[in-house]
Amino acid sequence: MILAYAAGAAILFGVGSYLLLQRDLVRIVAGVMLISQSAVLTLIGSSLTRGQAPIAPEPDRPVSDPLPQALSLTALVIGLATVALLLALAHRVAVVFRSERREALAANEVEHEEELSPERQRDQDETAGPPPRPGGSR
């Protein structure tokens with residue numbers, strides 16, 4: 001049974017890693033989601049012990065450990081929040097730049113940086129202030 005959990009976690013992690021290498025932002029978010037789920041599956045698989053609930057244990061009987069279950073639940077909640085944030089960011093990037101592909105986003109970023117370079121130079125000139133007058137100030 002533990003081997004099935006290990007194989008499932010390995011498959012999820014492999015597919016998630018493959019999706020992280022794709023060019024589409026939504027696939028990258030799906031890859032992050034699958035990798036976080038493989039971590040949860042690893043936590044659950046590592047705690048497979050038979051025992052009774054730790055609420056009312058009977059003497060001389062094994063008790064299951066509740067910590068991996070609590071860690072798994074916490075990892076699920078954090079993973080859901082992370083995926084929601086990544087999806088919101090990907091949506092905003094797609095709306096602003098009108099593309100979800102990484103190559104198009106990189107090209108748009110280069111164009112945007114070129115448009116901003118005169119403004120940055122003007123800002124640097126303003127912060128430098130006027131040149132000092134010869135002979136000191138009076």
Side-chain angles (χ1 to χ4, degrees):
M1 184 60 114
I2 294 176
L3 183 62
Y5 277 96
I11 289 170
L12 280 177
F13 190 85
V15 171
S17 298
Y18 175 76
L19 287 175
L20 276 177
L21 298 174
Q22 297 299 311
R23 295 184 172 102
D24 192 13
L25 288 179
V26 176
R27 289 183 182 179
I28 292 171
V29 172
V32 169
M33 183 179 65
L34 286 177
I35 287 176
S36 72
Q37 295 307 311
S38 74
V40 170
L41 192 59
T42 302
L43 277 171
I44 291 172
S46 67
S47 66
L48 286 178
T49 57
R50 302 249 177 199
Q52 58 183 347
I55 292 183
E58 296 176 13
D60 300 329
R61 301 234 8 229
V63 178
S64 63
D65 187 15
L67 183 64
Q69 296 171 6
L71 287 174
S72 298
L73 183 61
T74 304
L76 283 172
V77 171
I78 291 172
L80 178 67
T82 303
V83 168
L85 177 67
L86 286 175
L87 282 174
L89 288 174
H91 178 263
R92 183 65 184 156
V93 165
V95 167
V96 169
F97 292 108
R98 294 187 178 102
S99 177
E100 298 175 347
R101 312 281 296 174
R102 285 194 300 182
E103 295 86 12
L105 292 173
N108 284 341
E109 184 178 3
V110 169
E111 291 173 9
H112 189 66
E113 288 292 326
E114 290 173 357
E115 291 174 3
L116 287 179
S117 62
E119 291 180 21
R120 287 187 179 156
Q121 184 62 38
R122 190 172 53 240
D123 289 341
Q124 287 177 353
D125 293 342
E126 287 177 3
T127 57
R133 296 188 326 193
S137 61
R138 290 189 181 186

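Numbering starts at 1 and runs along the sequence shown.
Linking Ile, Leu, Val, Met, Phe, Trp and Tyr residues whenever their side-chain heavy atoms come within less than 4.5 Å places Ile2 and Val40 in a single cluster. Under the 4.5 Å side-chain heavy-atom criterion for Ile, Leu, Val, Met, Phe, Trp and Tyr, Leu48 and Leu76 are members of the same hydrophobic cluster. Linking Ile, Leu, Val, Met, Phe, Trp and Tyr whenever their side-chain heavy atoms come within less than 4.5 Å leaves Leu41 and Leu71 in two separate clusters. Follow the hydrophobic side-chain contacts under 4.5 Å out from Ile11 and you reach Tyr5 in the same cluster. Cluster membership for Leu89 and Val26, using ILVMFWY side-chain heavy atoms within less than 4.5 angstrom, is not shared.
A heavy-atom distance below 4.5 Å is not found between the side chains of Asp65 and Ser47. Side-chain contact between Leu25 and Val93 is present, with at least one heavy-atom pair separated by less than 4.5 Å. Leu12 has its side chain out of reach of Ile35: every pair of non-hydrogen atoms, C-beta onward, lies at least 4.5 Å apart. Taking 4.5 Å as the limit, some side-chain heavy atom of His91 sits within range of a side-chain heavy atom of Val95. When side chains are defined from C-beta on, Phe13 does not count as touching Leu34, because their heavy atoms never get closer than 4.5 Å.
Distance check: Leu19 CG to Ile28 CD1 gives 9.5 Å after rounding to the nearest 0.5 Å. Note that CG of Leu87 is 8.0 Å distant from CE of Met33, once rounded to the nearest 0.5 Å.
With side-chain heavy atoms closer than 4.5 Å counting as contact, directly or through intermediates, Ile78 stands alone and belongs to no larger hydrophobic cluster.
For residues 23-45, the set of pairs meeting the side chain to side chain donor-acceptor pair (under 3.5 Å) definition, not counting sequence neighbours, comprises Arg23-Glu103.
A search for side chain to side chain donor-acceptor pair (under 3.5 Å) contacts involving Gln22 returns Tyr18, not counting sequence neighbours.
Between Ser72 and Leu43 the shortest heavy-atom distance is OG-CB, 3.6 Å.
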